[in-house]
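Everything below concerns the one structure shown next.
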Amino acid sequence: MRKCDSCNAETERAHSYCLTTAKVVLSEAYWRNQFRFATDIVRQFGGAEWALAVFSALISQVAGSATPWFICEDCSELFAFDRAAAREHALRGTLPGGSGAVDPEECVQFAAAAWEYVFGRWPANVQQPTVGDTCDFCAKKIYRGEVAGQIEVGMTERYLASGVLDSPPLCPPREGRGSWLSCMVCMNRVVARASRAEGGR
């Protein structure tokens, strides 16, 4: 048994994944969870400057991790990655390609979006991009330059019927596309759950 490097729960290699730091820090959903852990401390002790110091320190600490991340099945819903390859690395104890620390600047926008989600404000020490759209499943702001996905009507119906999706989209399908726009927080969750529903890992 090992502990998940995301949530600290005990997990077995056969039910886990091995991810690079880059895969971890480019996940807004991961940062949301980390900032939730710090919510009480930030609100109880922190003024604006102190809160920004916490924000910067957490990014530097996480991005500076040079070793791969051991991730449990539940936390796998937070990330975008090759599930089969990551499972093999977890089973064999091998290093995935691209392992190593990451420049904090590469992930600061993902962390900032998560900070805004948790604390209701964009961190003042990060330049905020303009909003390009919103997710049709959770209404999250999708900033310009941010990756998003599409889920077709037929696939959405199947996902709702199988429980992969917890609730229907918030609006009709996009006109002329026959699909809905999904932020990566929702898309990663759907991919993980669909893989499990289909017997994959």
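Note that the structure is a prediction, hence the values are computed from the model and not measured. Heads up: numbering here begins at 1 and tracks the sequence.
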With side-chain contact (heavy atoms from CB on, under 4.5 Å) as the criterion, how do V62 and W31 come out once you've worked through the C-alpha distance, each side chain's angles and the decisive distance to 0.1 Å?
CA-CA 10 Å; V62 175; W31 288 114; 3.6 Å; yes
Please tell me whether [X] and [Y] are part of a single hydrophobic cluster in this structure, the criterion being side-chain heavy atoms less than 4.5 Å apart.
X    : Y    : value
W115 : V131 : yes
L160 : F137 : yes
V191 : F81  : no
V108 : I142 : no

Assess whether atom CZ of R36 is packed by more than 12 heavy atoms of other residues, nucleotides or ligands within 6.0 Å.
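More than 12 within 6.0 Å, yes.
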[X] to [Y] - nearest heavy-atom pair and separation:
X    : Y    : result
S27  : L78  : OG-O, 2.5 Å
F70  : R2   : CE2-CB, 3.5 Å
T11  : C4   : CG2-N, 4.1 Å
T21  : G100 : CB-O, 3.4 Å
L95  : P68  : CD2-CG, 3.3 Å
L181 : D136 : N-OD2, 2.7 Å

Using modelled atom types only, decide if a donor and an acceptor are shared between the side chain of [X] and the backbone of [Y] within a distance under 3.5 Å.
X    : Y    : answer
S16  : E12  : yes
S99  : P96  : yes
R174 : S179 : no
R87  : A14  : yes
Q109 : Q127 : yes
W180 : P172 : yes

I'd like to know if K23 pairs up with D82 as an ion pair, taking the criterion as any Lys NZ or Arg NE/NH1/NH2 lying under 4.0 Å from an Asp or Glu carboxylate oxygen.
no
Indicate yes or no: does D166 engage R189 in a salt bridge with an N to O separation below 4.0 Å.
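Salt bridge between D166 and R189, a charged N being under 4.0 Å from a carboxylate O: no.
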Rounded distance (nearest 0.5 Å) linking atom [atom1] of [X] with atom [atom2] of [Y]:
X    : Y    : atom1 : atom2 : result
S195 : E77  : OG    : CD    : 10.5 Å
C186 : M184 : SG    : CE    : 10.0 Å
L170 : T134 : CG    : OG1   : 8.5 Å
D133 : C183 : CG    : SG    : 11.0 Å
R92  : C18  : CZ    : SG    : 13.0 Å
H89  : T94  : NE2   : OG1   : 4.5 Å

When you compare the side chain of [Y] with that of [X], does any pair of heavy atoms fall below 4.5 Å?
X    : Y    : value
W122 : P129 : yes
F110 : I59  : no
V185 : R32  : yes
Y17  : E73  : yes
S182 : V190 : no
Y143 : Q128 : yes
C7   : N33  : no
M187 : I151 : yes

Just checking, is any N or O donor in the side chain of N125 or S56 under 3.5 Å from an acceptor N or O on the other one?
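Yes, because at least one side-chain N or O of N125 sits under 3.5 Å from a partner of the opposite role on S56.
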Could you walk me through whether E146 and K140 pass the side-chain contact (heavy atoms from CB on, under 4.5 Å) check?
CA-CA 12 Å; E146 186 177 348; K140 176 189 119 56; 2.9 Å; yes
Would you check, one step at a time, whether the test side-chain contact (heavy atoms from CB on, under 4.5 Å) holds for R83 with R196?
CA-CA 11 Å; R83 298 178 68 82; R196 287 197 293 271; 4.2 Å; yes
Using the ring of each side chain (for Trp, its six-membered ring), is Y30 parallel, tilted or perpendicular to F79, with breaks at 30° and 60°?
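The rings of Y30 and F79 sit tilted, inter-plane angle from 30° to 60°.
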On the 0 to 90° scale, with breaks at 30° and 60°, tag the F35-F119 ring pair as parallel, tilted or perpendicular.
tilted
Given side-chain contact (heavy atoms from CB on, under 4.5 Å), test V126 with F55 step by step and report yes or no.
CA-CA 10 Å; V126 179; F55 172 79; 3.6 Å; yes
